[in-house]
Protein chains: 2
Amino acid sequence: MHLPSSAIYLPHLAYDSVVFGFSGDSLRILIMEYHKTGWFALPGGFVRRDEHLDTAVKRGLKERTALDNIFLRQFHTFGATDRFDAAAMEAIMVANDIDPVANSWLLGRFVTVAYYALIDYKKVTLQPDALSDSVNWYAVGELPPLLFDHEHIVREALRTLRENLGRNLMETNLLPPLFTMKDLQCVYEAILGEPQHRSSFQRKMLASGLLERCEKLLTGAAHKAPYLYRFAPHPRSADE
Amino acid sequence: MHLPSSAIYLPHLAYDSVVFGFSGDSLRILIMEYHKTGWFALPGGFVRRDEHLDTAVKRGLKERTALDNIFLRQFHTFGATDRFDAAAMEAIMVANDIDPVANSWLLGRFVTVAYYALIDYKKVTLQPDALSDSVNWYAVGELPPLLFDHEHIVREALRTLRENLGRNLMETNLLPPLFTMKDLQCVYEAILGEPQHRSSFQRKMLASGLLERCEKLLTGAAHKAPYLYRFAPHPRSADE
DNA sequence: ATACTATTGTCTCACCGTGCGACAATGATA
DNA sequence: TATCATTGTCGCACGGTGAGACAATAGTAT
């Protein structure tokens with residue numbers, strides 16, 4: 001079986017990614033399940049010796065989601081000595097017919113750099129890797145128990161995402177090029193986990209200078225046709 | 001000469017610390033100068049194989065400042081492939097009579113986890129390490145040219161510090177246990193780099209619920225004696 | 001064609017935080 | 001006792017925000 005080798009990868013250094021998906025209503029996270037163990041974990045990987053850290057994470061994400069140009073942010077590096085569970089890792093290797101002795105570098109301690117990503121999960125075709133049975137979406141709040149310190153990592157990712165929502169959303173590709181104010185509000189509500197007041201939300205968004213209003217929307221809905229908006233290529237400040 | 005060995009430290013992983021100091025008026029940063037090279041860099045170090053990442057940073061800081069219980073926050077991990085300059089590193093080793101061949105692990109690529117710290121520089125006795133002539137304070141904005149990507153790291157540290165000022169300041173030990181509103185305002189102004197309006201500042205701080213007011217201050221100053229404040233052990237919310 | 005319904009864009013109002021200036025209180029000094 | 005510098009507080013104007021109200025309108029039912 002093809003396995004990462006200590007010759008090409010930096011030892012003791014890994015990354016994990018918390019991939020948030022959004023599809024109109026709920027916020028979910030990408031979780032992978034290891035072969036024959038029933039264990040769940042965040043998708044992660046290793047960094048090649050001549051590769052930019054950010055590039056490694058993009059590469060891993062592309063392998064699993066077939067998506068390029070993903071919105072991706074590093075948020076914390078976890079370096080506790082007890083965060084890694086060598087026994088669990090060895091069990092995973094055994095379940096996958098990997099020789100723990102020949103690959104003992106995988107049993108050592110790892111410092112992991114954690115990233116979060118935001119993608120539209122309707123656009124994704126999930127692709128399990130060599131070690132995993134499946135990669136699936138789980139609603140935040142209904143996650144299975146995760147290996148290592150991955151639940152902690154998820155909590156920190158969600159906290160950071162909520163703090164930075166305003167600054168991030170424009171680049172996330174979570175919305176189509178043209179969208180209604182209602183669409184935008186749904187994204188905010190899914191991520192923040194609480195309803196937003198319609199009229200205040202609209203006023204705030206319009207005042208932010210991040211949006212450009214376009215033409216009308218006509219699709220068959222029994223009500224007034226809403227405007228379409230797009231993210232402004234060059235966000236304007238207040239005085240324009 | 002005593003030198004870190006690849007047997008005790010995690011390879012390819014380092015930390016760098018941006019130590020902000022405050023002494024009543026200006027904000028400064030701790031910069032070290034390498035022996036016989038005239039080159040400046042941030043104080044940093046390596047992580048022992050059985051050591052928590054955070055612990056490694058605390059250890060390094062204690063060696064240089066003799067301070068314990070420092071306010072310390074991780075803010076970013078820098079993982080570009082071109083961030084390290086092997087030629088410069090080799091020159092430093094030669095200037096310090098270190099054999100580059102026997103210590104070639106130091107010439108490879110390093111991913112560095114960056115932290116910032118906030119300390120009161122009146123309480124510090126600076127202690128150069130084995131590789132450095134001196135450790136000194138430099139005002140932000142008057143830094144010497146720094147090695148590697150350290151200027152970039154400093155900019156990011158300052159940005160993060162300013163964003164998180166409100167949440168952090170209580171734990172920084174930048175102020176004595178009891179302090180006046182004026183003292184607090186000076187800290188804010190040094191860090192933010194711009195003057196604050198006295199009365200608004202006072203109102204905002206009192207409303208934050210982070211402060212407790214104590215008795216009067218009597219020290220000889222030709223004016224009304226100001227109240228003394230301390231940080232509330234259990235910050236109260238608005239409704240109390 | 002007309003009435004009705006659901007949704008949307010906007011307006012108003014009250015409230016709160018903030019920049020900014022004014023004023024009184026007060027400890028030290030002359 | 002008078003003066004001064006600094007401090008605590010108050011008032012005002014302004015802008016952002018939560019919350020509700022109302023008119024506009026595209027589709028649907030009658």
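Keep in mind the model is a prediction, meaning the values are calculated, not measured.
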If you draw a 6.0 Å radius around NZ in B:K182, do more than 12 non-hydrogen atoms from other residues or ligands fall strictly inside? no
For B:L206 and D:dC10, what is the distance between atoms CG and P respectively, to the nearest whole Å? 11 Å
Report the distance from atom NZ of A:K204 to atom P of D:dG15, rounded to the nearest whole Å. 18 Å
Interatomic distance, B:M205 CE vs D:dG8 C1' [rounded to whole Å]: 16 Å
What do you reckon, is NZ of A:K62 surrounded by more than 12 foreign heavy atoms closer than 6.0 Å? no
With no hydrogens and no angle check, is any side-chain donor or acceptor of A:T160 less than 3.5 Å from a backbone partner on A:E156? yes
Rounded to whole Å, the CD-P distance (A:Q202 to D:dA19) equals 17 Å
Euclidean distance, atom CZ of residue A:F201 to atom P of C:dT7 [Å, nearest integer]: 18 Å
Which whole-number value in Å describes the distance from B:K224 NZ to D:dT9 P? 7 Å
Examine C:dT10: is either OP1 or OP2 under 4.0 Å from a nitrogen or oxygen in the side chain of A:R213? Give yes or no. yes
Quick check on contacts: within residues 178-200 of chain B, what sits under 4.0 Å from DNA chain C by heavy-atom distance? B:H197, B:R198, B:S199, B:S200
In terms of the nearest nucleotide of DNA chain D, which residue is placed more toward the 5' end: A:H223 or B:Y229? B:Y229
Between A:R28 and A:E142, is there a side-chain N and carboxylate O pair less than 4.0 Å apart? no
Qualifying residue, where the test is side-chain contact (heavy atoms from CB on, under 4.5 Å) with B:V140 and the options are B:L27, B:I191, B:V154: B:L27
Under 3.5 Å, is there a donor on one side chain and an acceptor on the other for A:Y229 and A:D183? no
Does B:R203 contact C:dG19 through a side-chain donor or acceptor facing the base, at a distance under 3.5 Å? yes
